[in-house]
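I'd like to ask you about the structure that follows.
One is the number of the first residue; the rest follow in order along the sequence.
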Amino acid sequence: MPQATVHLLRHGEVHNPDGVLYGRLPEFHLSELGREMARTLAEHFRRRAAAGARITYLAASPLDRAQETAAPTAEALRLQIHTEARIIEAENYFEGMKVTKAELRRPKHWPMLINPLRPSWGEPYKKQASRVMAAVQEARARAIDLADGDFGTAGPEAIMVSHQLPIWATRLSAEGKPLWHDPRKRECTLTSITSLVFDGDGSLLRVQYSEPAASLLPGAASTPGAL
């Protein structure tokens, strides 16, 4: 089996004028800047494909912002978007709220803050990393199958459009690091790419990170989808 790469792509900026933690709520779509980010990533992948990259599989979380981020890449590479529920945003108690220091001081929230290592306010980090990595391994295998023997310059590649926290938990797990972290220090900007490179038997060789839309980040909204 050939080497293969799965790119975990975070979605673009979301239209969220109230600055709430939008989590898995429906009807949170990309902003105009987010759509520009998505087009920039599509062009990035189109150029890579033109240079010999064999990108054969594209999947996205079922949430609107992920599907909309995937759409320009699907068009550029002539790929179908496969909806993958296992790479959806993390469950979060604070979904729909504007999370401020004043809000967190309210006594009704305190029971949810007792264990930041799990975390107690949302889906356990281990569960997120486990479900995403299972989807990643399946995407790796599908990318190889769809390549049909034409493995390009560096082996088949898959793209999966997901969300900051599940991507970050998966990266920490893949690198053997503790999963507890400060959300403000995640290296996973809007439309960044966290690439997991596997050898022929599915063992992880390395993790790579890039920001093809870095020029569009200044001034972009920084509210995460989940804590």
Do Gln3 side-chain atoms and Val197 backbone N/O form a donor-acceptor pair below 3.5 Å?
no

Do Met37 and Leu190 have side chains that approach each other closer than 4.5 Å (heavy atoms only, starting at C-beta)?
yes

For the side chain to side chain contact (heavy atoms under 4.5 Å, CB included) test, which of Thr5, Ile144, Leu204 pairs with Phe198?
Leu204

Check this for me, if you would: do Asp18 and Lys98 make a salt bridge, where the nitrogen-to-carboxylate-oxygen distance has to be below 4.0 angstrom?
no

Whether Glu211 and Arg10 form a salt bridge (side-chain N of Lys/Arg under 4.0 Å from carboxylate O of Asp/Glu) is what I want to check.
no

Would you say the side chain of Val20 lies within less than 4.5 Å of the side chain of Phe94, judging by non-hydrogen atoms?
no

Determine whether a donor-acceptor pair (N or O, by modelled atom type, separation under 3.5 Å) exists between the side chain of Trp180 and the backbone of Pro116.
yes

May I ask you to say whether Arg46 pairs ionically with Glu43, meaning some side-chain N is under 4.0 Å from a carboxylate O?
yes

Do Thr73 and Ile159 come within less than 4.5 Å of each other through their side chains, counting heavy atoms only?
yes

Using a 3.5 Å distance criterion without hydrogens, assess whether the side chain of Ser130 forms a donor-acceptor pair with backbone atoms of Lys126.
no

Answer yes or no: is there a donor N or O on one side and an acceptor on the other, between the side chain of His181 and the main chain of Leu179, under 3.5 Å?
yes

Under the side-chain contact (heavy atoms from CB on, under 4.5 Å) rule, what do Leu41 and Ile193 come out as? Steps first, then yes or no, please.
CA-CA 9 Å; Leu41 265 293; Ile193 303 172; 3.7 Å; yes

Show me the pairs that pass side-chain hydrogen bond (donor to acceptor under 3.5 Å, both in side chains) and involve residues 133-145, at least two apart or across chains.
Tyr57-Arg142, Arg86-Glu138, Gln137-Arg140

Determine yes or no for a side-chain-to-main-chain donor-acceptor pair under 3.5 angstrom, with Trp168 supplying the side chain and Cys188 the backbone.
no

Is it true that the side chains of Glu84 and His82 contain a donor and an acceptor less than 3.5 Å apart?
no

Can you list the steps and then say if Leu58 with Leu77 is a side-chain contact (heavy atoms from CB on, under 4.5 Å)?
CA-CA 9 Å; Leu58 173 62; Leu77 301 182; over 6 Å; no

Note: Glu103-Arg106 ion pair, threshold 4.0 Å (strictly below):
yes

To the nearest 0.5 Å, tell me how far Leu104 CG sits from Trp121 CH2.
9.5 Å

So does Arg171 pair up with Glu187, basic N to acidic O under 4.0 Å?
yes

In the structure I gave you, are the side-chain heavy atoms of Pro2 and Pro156 within less than 4.5 Å of one another anywhere?
yes

Given the options Met133, Met160, Arg206, Gln208, Leu196 meets side chain to side chain contact (heavy atoms under 4.5 Å, CB included) only with Met133

Would you say Arg78 and Glu75 make side-chain contact, with heavy atoms under 4.5 Å?
no

Side-chain (Ser162) to main-chain (Ile87) donor-acceptor, under 3.5 angstrom:
yes

Residue pair Arg54 / Ala147: nearest heavy atoms and the distance that separates them
NH2-O, 3.4 Å

Side-chain H-bond candidate by donor/acceptor type, Ser61 with Glu89, under 3.5 Å:
no

Please walk me through it: do Tyr22 and Asp64 pass side-chain contact (heavy atoms from CB on, under 4.5 Å)?
CA-CA 11 Å; Tyr22 36 81; Asp64 294 324; over 6 Å; no

Between Glu13 and Arg35, is the closest basic N to carboxylate O distance under 4.0 Å?
no

Looking at Arg184, Lys185, Arg186, which hits side-chain hydrogen bond (donor to acceptor under 3.5 Å, both in side chains) with Asp182?
Arg184

For Ser31 and His15, indicate whether the former's side chain and the latter's backbone hold a donor-acceptor pair under 3.5 Å.
no

May I ask you to decide if Gly12's main-chain N or O and Thr69's side chain share a donor-acceptor pair within less than 3.5 Å?
yes

